[in-house]
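Values in this document were obtained by computation on a predicted structure and should not be read as measured data. Each ligand, and each atom within it, is numbered from 1 in the order the structure gives.
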Amino acid sequence: MQKPEILYMVVPCYNEEAVLHETAKQLKEKYQSLISRELISKQSRVVFVNDGSKDKTWQIIQELHSEDPEFFSGIDLAHNSGHQNAVLAGLMTVKDICDMAITMDADLQDDINTIDAMVEEYYKGNQVVYGVRSARETDTFFKRFTAESFYKFMKVMGADVVYNHADFRLMSKRVLQELAGFKEVNLFLRGMVPLIGFKSTNVYYERHERFAGESKYPLKKMLAFAINGITSFSVKPLKMITNIGFFTVVVSVLAFIWAFVSKFLGYTELGWSSTICSIWLIGGIQIFCLGIIGEYVGKIYAEVKQRPRFIVAEFLNDTGTESIEKDTEKK
Ligand code: UDP
Ligand code: MG
């Protein structure tokens with residue numbers, strides 16, 4: 001059996017005073033069992049990230065930390081930065097002191113018992129373990145419908161995400177370090193992590209209802225999140241403009257032929273053919289030109305992101321085998 005490694009949990013919290021005590025209690029129990037089973041090291045911790053809460057969240061985190069400084073840590077963000085930024089802030093803060101990190105919401109919707117399976121998958125060599133919900137029975141029909149449409153729509157629009165996976169996932173230190181190389185401002189972690197690559201797997205769990213408090217993701221925010229996901233991940237909408245333009249030009253050529261035939265057969269009013277033809281043709285050319293400009297905008301967008309162009313997973317050279325395994329042993 002390998003030496004137990006250090007697990008850090010990163011828990012974003014925004015106005016979560018109602019659930020925080022319970023979350024802390026349950027996580028502590030879970031950690032104790034993982035430590036006694038020698039799955040994780042005693043140096044493992046839970047890090048709460050306070051995302052500019054307006055209630056007593058930070059106060060509670062401070063209390064938890066002072067009662068149990070070896071176990072609970074806290075990060076206080078200067079202002080509300082949104083869920084994705086809070087998660088990233090936590091991950092980037094712990095990336096050098098842990099071997100693996102799991103991100104989980106504070107509201108206990110994600111099943112804490114899945115952590116065991118995630119850690120086991122990590123020891124099997126997976127660098128990323130995605131928590132995927134197996135059922136959505138506890139959701140209302142509306143939430144389930146909108147959420148499932150979200151994943152399907154994202155895929156169609158070119159932002160490939162793991163189906164039914166939110167932000168409950170384990171990442172290895174190696175993956176966190178590569179994540180640091182993604183400099184984008186509009187974060188969409190569930191799209192970014194698959195881009196990093198490495199061996200990964202899914203574990204399935206049933207998502208519960210919120211333990212207490214209310215959702216900070218109403219429909220309006222969810223739509224904004226979906227739009228952000230698409231526009232920060234793909235230039236497909238721009239390509240669609242080019243395609244529509246091209247299609248319109250083709251249709252206008254057909255319309256030309258049709259208009260000429262109608263004219264020579266004498267079915268038309270005076271001026272009809274020329275009007276119809278110019279509307280279609282000019283319209284088509286305009287959309288097509290917009291699309292071409294869009295293609296360039298898309299390229300600029302990709303350049304501006306300055307994402308890493310490649311990530312080296314292993315480096316074999318004459319002095320020995322530098323592998324990921326060796327890398328993790330060195331610490
Ligand atoms: N959250 C955050 N900042 C925000 C909004 C939410 O850190 O601006 C946290 C929140 O405390 C929770 C997680 O993000 O831990 C997910 O939010 P929520 O449970 O409200 O979303 P839902 O599960 O309803 O989609
Ligand atoms: Mg929730």
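Heavy-atom proximity to Glu16, at under 4.0 Å, picks out these atoms of ligand 1: 10 (C), 11 (O), 12 (C), 15 (O). Each of the atoms 15 (O) of ligand 1 lies under 4.0 Å from some heavy atom of Ala106.
If you check which protein heavy atom lies closest to atom 4 (C) of ligand 1, you get Asp51 OD2, 3.4 Å. In this structure, atom 14 (O) of ligand 1 lies nearest to the protein heavy atom His83 CD2, 3.0 Å. Protein heavy atom at the shortest distance from atom 24 (O) of ligand 1 is Ser215 OG, 2.5 Å. The protein atom (non-hydrogen) at minimum distance from atom 8 (O) of ligand 1 is Asn80 ND2, 3.2 Å. For atom 25 (O) of ligand 1, the closest heavy atom belonging to the protein is Tyr217 CB, 3.5 Å. The protein heavy atom nearest to atom 1 (N) of ligand 1 is Tyr14 CB, 3.6 Å. Scanning the protein heavy atoms around atom 16 (C) of ligand 1, the nearest turns out to be Asp105 OD2, 3.3 Å.
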**Prompt:** Does the ring-ring contact (aromatic ring centres under 6.0 Å, His included) test come out yes or no for Tyr205 and Phe168, once each step is laid out?
**Reply:** CA-CA 10 Å; Tyr205 69 100; Phe168 185 29; 5.2 Å; yes
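The OE1 atom of Gln109 and the OD2 atom of Asp107 meet at the Mg ion (ligand 2) at an angle of about 100°, given to 10°.
A salt bridge links Arg174 and Glu178; the closest N-O separation between the charged side-chain nitrogens and carboxylate oxygens is under 4.0 Å. Salt-bridge formation is detected for the pair Lys28/Asp68: a Lys NZ or Arg NE/NH1/NH2 atom is positioned less than 4.0 Å from an Asp or Glu carboxylate oxygen.
Rounded to the nearest 0.5 Å, atoms CD1 (Ile279) and OG1 (Thr248) are 13.5 Å apart. Rounding to the nearest 0.5 Å places OG of Ser252 at 9.5 Å from CD1 of Ile257. Atom CG of residue Asn50 and atom CD of residue Gln59 lie 11.0 Å apart, to the nearest 0.5 angstrom.
Counting backbone and side-chain atoms alike, Asp105 contributes no N/O/S atom closer than 2.8 Å to the Mg ion (ligand 2).
The aromatic ring centroids of His65 and Phe72 lie 6.0 Å or more from each other.
Annotation: Pro12 places an N or O atom under 3.5 Å from an N or O atom of ligand 1; distance criterion only.
In this structure, Phe188 is not a member of the same hydrophobic cluster as Ile227, with clusters built from ILVMFWY side-chain heavy atoms closer than 4.5 Å.
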